[in-house]
Amino acid sequence: ADAANALYCLGFALAENGYLDEALRQFRACEDLPSPTPVLMSSTLYGASWALLASNRTDQAKVKIDECRSIMGSVPMEHELHQEVMLLYADVLVGVCDYQRAKSCFEDILAKLRPDPESKPIDFGTVLYKFGRLCFVLGDTELARRTLDECVRWKLQIDEKSRVLSAALG
């Protein structure tokens with residue numbers, strides 16, 4: 001388990017610094033180890049999916065995120081990365097042009113975040129932004145405008161300065 005955890009951590013460090021192919025090698029090595037725990041395996045698959053999506057390998061990213069979600073569904077407790085997995089899943093669905101399922105996924109995430117947006121303030125604003133952009137792609141410009149306006153109000157309320165805020169204002 002220590003070796004798997006080390007590979008997982010190394011994979012994420014590499015991915016976050018743009019070394020996506022090397023990160024994927026570390027995630028694969030972690031997957032190949034005997035008996036990683038379901039939590040570690042789902043986290044590793046999440047990391048691999050993230051790196052694949054970041055390197056525009058959307059079909060492969062979809063396979064990994066589907067595997068991740070399957071393992072997470074078999075674990076009795078909620079995984080600590082559950083929210084992040086759902087957001088990545090929505091991003092992957094957008095990447096493979098499955099816009100209606102992506103829209104439904106974003107709506108589910110927003111429904112979970114809306115009662116207490118302060119618990120994950122940056123995630124809430126990011127999901128609003130991504131959902132607004134998707135609504136625009138789908139041709140629902142009124143919902144897109146309302147959602148992006150809500151995103152801007154939220155980002156200003158929490159005093160966040162980010163590329164997402166700049167893009168939403170743009």
Kindly compute the distance separating [atom1] ([X]) from [atom2] ([Y]), expressed to the nearest 0.5 Å.
{"X": "Arg28", "Y": "Lys64", "atom1": "CZ", "atom2": "NZ", "value": "7.0 Å"}
{"X": "Trp50", "Y": "Leu87", "atom1": "CH2", "atom2": "CG", "value": "12.5 Å"}
{"X": "Arg69", "Y": "Tyr46", "atom1": "CZ", "atom2": "OH", "value": "13.5 Å"}
{"X": "Glu67", "Y": "Glu31", "atom1": "CD", "atom2": "CD", "value": "6.5 Å"}
{"X": "Lys103", "Y": "Glu107", "atom1": "NZ", "atom2": "CD", "value": "5.0 Å"}
{"X": "Leu81", "Y": "Met72", "atom1": "CG", "atom2": "CE", "value": "6.5 Å"}

Which of these passes side chain to side chain contact (heavy atoms under 4.5 Å, CB included) with Leu53: Leu20, Val92, Ile65?
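Single pass found, and it is Val92.
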Donor-acceptor contact below 3.5 Å, side chain Ser49 vs main chain Leu45:
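No, the answer is negative, given that no donor and acceptor are paired below the 3.5 Å cut-off.
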Any donor-acceptor pair under 3.5 Å linking the side chain of Thr147 with the backbone of Ala144?
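The answer is no, because no donor-acceptor pair under 3.5 Å joins these two groups.
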Determine, stepwise, if the pair Thr58 / Lys62 fulfils side chain to side chain contact (heavy atoms under 4.5 Å, CB included).
CA-CA 6 Å; Thr58 53; Lys62 176 123 178 27; over 6 Å; no
Closest heavy-atom contact between [X] and [Y]?
{"X": "Ser42", "Y": "Cys68", "answer": "O-SG, 3.2 Å"}
{"X": "Pro117", "Y": "Pro115", "answer": "CD-C, 3.7 Å"}
{"X": "Ala90", "Y": "Ala102", "answer": "O-CB, 3.8 Å"}
{"X": "Val94", "Y": "Leu134", "answer": "CG2-CD1, 4.2 Å"}
{"X": "Ala23", "Y": "Gly11", "answer": "CB-O, 3.2 Å"}
{"X": "Gln60", "Y": "Leu52", "answer": "OE1-CD2, 3.4 Å"}

Student check: side-chain heavy atoms of [X] and [Y] closer than 4.5 Å:
{"X": "Leu148", "Y": "Phe131", "answer": "no"}
{"X": "Leu138", "Y": "Gln100", "answer": "yes"}
{"X": "Phe106", "Y": "Asp91", "answer": "yes"}
{"X": "Asp59", "Y": "Val63", "answer": "no"}
{"X": "Cys105", "Y": "Ile109", "answer": "yes"}
{"X": "Arg145", "Y": "Phe136", "answer": "no"}

Single-linkage hydrophobic cluster [X]~[Y], side-chain heavy atoms < 4.5 angstrom:
{"X": "Leu33", "Y": "Leu14", "result": "no"}
{"X": "Ile71", "Y": "Val39", "result": "no"}
{"X": "Leu40", "Y": "Leu88", "result": "yes"}
{"X": "Trp154", "Y": "Leu143", "result": "yes"}
{"X": "Leu24", "Y": "Leu10", "result": "no"}

Test side chain to side chain contact (heavy atoms under 4.5 Å, CB included) on Leu93 and Tyr99; report intermediate values, then the result.
CA-CA 7 Å; Leu93 290 172; Tyr99 298 133; over 6 Å; no
Basic-acidic side-chain contact under 4.0 Å: Glu142, Arg146:
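Salt bridge flag = yes for Arg146 with Glu142.
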Any salt bridge linking Lys112 with Asp108? Criterion: basic side-chain nitrogen under 4.0 Å from a carboxylate oxygen.
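No salt bridge links Lys112 with Asp108.
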Given the rule in the salt bridge (Lys or Arg N to Asp or Glu O under 4.0 Å) test, do Glu22 and Arg25 qualify, once you have shown the distances and angles that lead to the verdict?
CA-CA 5 Å; Glu22 183 57 36; Arg25 281 191 280 284; 3.0 Å; yes
Could you tell me how the ring of Phe12 sits relative to the ring of Phe27: parallel (under 30°), tilted (30 to 60°) or perpendicular (over 60°)?
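Correct class here is perpendicular.
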